[in-house]
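Structure first, commentary second.
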Protein chains: 2
Amino acid sequence: MLIPVTPASPQADTRTALLDVAQELVQARGYNGMSFRDLAGRIGVRTASVHYHFPTKGDLGAALVARYREAFTTLRATLDAAHPDPADAPTKLLRYADALHASFRKTGGMCLCAVLAAESSTLPGEVTAQVRAFFLDNEAWLTAALGRGREAGTLRFDGPPDAAARSLFAALEGALMSAWTFSDATRLSAATQWLIRPLIVRP
Amino acid sequence: MLIPVTPASPQADTRTALLDVAQELVQARGYNGMSFRDLAGRIGVRTASVHYHFPTKGDLGAALVARYREAFTTLRATLDAAHPDPADAPTKLLRYADALHASFRKTGGMCLCAVLAAESSTLPGEVTAQVRAFFLDNEAWLTAALGRGREAGTLRFDGPPDAAARSLFAALEGALMSAWTFSDATRLSAATQWLIRPLIVRP
DNA sequence: GTCTATAACTCGATAGAC
DNA sequence: GTCTATCGAGTTATAGAC
């Protein structure tokens with residue numbers, strides 16, 4: 001081990017700190033409600049330093065959604081690895097809901113992509129496209145889980161799996177918004193139970 | 001009839017026109033994404049004229065939500081009058097969903113209050129309070145419809161009616177957001193069917 | 001990588017003429 | 001009721017020193 005710990009900058013990784021605070025701000029105030037001034041002030045730098053890491057606000061927004069998408073991709077992959085058996089689909093769905101719950105407890109805000117969706121017609125096209133991709137990512141994963149679970153006989157629902165997945169994911173996003181609006185985590189947990197329980201065979 | 005038709009102004013009711021366009025803009029771009037400049041330009045007046053009708057932006061926001069709430073109150077009352085029998089709860093729910101669908105077709109945007117919820121921490125307190133009240137209004141009505149329908153034996157679901165109402169309303173809001181994000185009305189209609197159908201006894 | 005300084009613009013809001 | 005004109009503050013973004 002010749003090359004050691006941190007060649008890093010004085011305050012460990014400003015870029016990551018910027019992303020963390022920016023995500024928090026956007027989830028609480030919206031994209032247009034977050035300014036470089038607020039952002040820079042929160043981590044103790046000047047706005048010019050923010051522009052060094054993210055030349056334009058659109059670049060920041062795009063990086064924000066990209067990181068958020070990746071985090072969810074990792075989450076889904078982890079769940080797939082932990083529950084490879086199609087018959088475990090009910091558990092998988094419940095763990096997925098748990099992750100949303102944990103995310104809400106951590107940030108206290110609604111889904112980043114739901115916030116951005118509300119403002120999408122003022123966003124750079126690249127950001128809007130990534131928001132849609134985030135929805136499609138999650139819907140595709142839910143489609144697979146729902147379809148395999150029904151085939152394995154552990155899930156029950158009407159209609160094609162992709163339609164069910166779209167409806168379920170939208171419902172979960174709505175539950176996050178409801179919990180955020182009333183600062184009430186039980187609105188999220190109650191909704192996820194209400195949505196997922198009826199899908200499970202012999203619960 | 002001594003006092004006749006219209007003492008009105010040149011362009012019929014600027015105030016109403018302002019509210020109409022402002023709602024459209026907020027639903028598409030968010031509260032912080034709508035400016036007095038855009039708004040005034042759209043109806044062919046100057047920003048000072050907007051301030052004449054709504055002294056501050058907060059006043060405009062409050063008037064917007066108030067009108068939106070009233071429209072929904074009227075809708076719910078109309079549905080109650082058309083379907084007074086508790087056993088008609090399934091039809092009532094489906095008509096309610098139809099109204100959301102019609103609203104989406106008209107504006108093409110998501111629910112005004114969902115947009116405002118996403119930005120709520122930057123809004124005047126009065127507006128935030130009215131957004132919460134909008135949620136509670138609708139949840140209370142759904143609670144009554146769900147509860148009476150289950151008593152009458154035409155609806156079936158688990159748990160207390162108010163919890164079901166909160167979950168269902170949040171899910172409908174999420175479906176509106178999903179439809180808006182993909183400019184796809186079928187996402188809304190499919191989701192409402194998927195949510196409401198399983199509640200109906202012998203459909 | 002972070003800073004100071006500033007450009008260029010938009011924002012909500014007000015005063016006062018008509 | 002709508003206008004012109006303007007204010008002060010906030011916005012994203014850039015140039016150049018350190």
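Treat the numbers as computed from the prediction; the structure is a model and nothing was measured. Labels below follow one simple rule: chain letters A, B, ... track the order of the sequence lines, proteins then strands, and each chain is numbered from 1.
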d(CD1, B:Ile43; P, D:dG1) in whole Å
13 Å
Run the ring-centre check on B:Tyr96 versus B:Trp141 and record whether the distance is less than 6.0 Å.
yes
Does the pair B:Asp137/B:Arg69 count as a salt bridge with the N-to-O cut at 4.0 Å?
yes
Taking only side-chain N and O atoms of A:Arg46, does any of them lie within less than 4.0 angstrom of OP1 or OP2 on C:dT4?
yes
Side-chain N or O of B:Ser35 closer than 4.0 Å to phosphate OP1/OP2 of C:dT10
no
Any Lys/Arg nitrogen of A:Arg132 or A:Glu139 sitting under 4.0 Å from an Asp/Glu carboxylate oxygen of the other?
no
To the side chain of A:His53, which of C:dA13, D:dG10, C:dT2 is closest?
C:dT2
Is the phosphate of C:dG12 approached by B:Thr56 (side-chain N or O, under 4.0 Å from OP1 or OP2)?
no
A:Ser49 side chain N/O closer than 4.0 Å to the phosphate oxygens (OP1, OP2) of C:dG1?
no
A:Phe36 CZ to C:dC11 C1': how many Å, rounded?
18 Å
Could you give the CG-to-C1' distance, from A:Leu39 to D:dA13, as a whole number of Å?
15 Å
Please determine whether a side-chain nitrogen or oxygen atom of B:Thr14 lies at a distance below 4.0 Å from atom OP1 or OP2 of D:dT2.
yes
I need the NZ-P distance between A:Lys57 and C:dC9, as an integer number of Å.
19 Å
Once you apply a heavy-atom cut-off of 4.0 Å, does A:Tyr52 come out as touching a base, just sugar-phosphate, or nothing?
base
For the pair made of CZ in B:Phe54 and C1' in C:dA13, what is the distance, rounded to whole Å?
16 Å
Separation of D:dT11 C1' from B:Arg37 CZ (nearest whole Å)
13 Å
Considering only NZ, NE, NH1 and NH2 on the basic side and carboxylate oxygens on the acidic side, decide whether B:Arg67 and B:Asp20 come within less than 4.0 Å.
yes
Tell me whether the side-chain N/O atoms of B:His51 come closer than 4.0 Å to OP1 or OP2 in D:dT2.
no
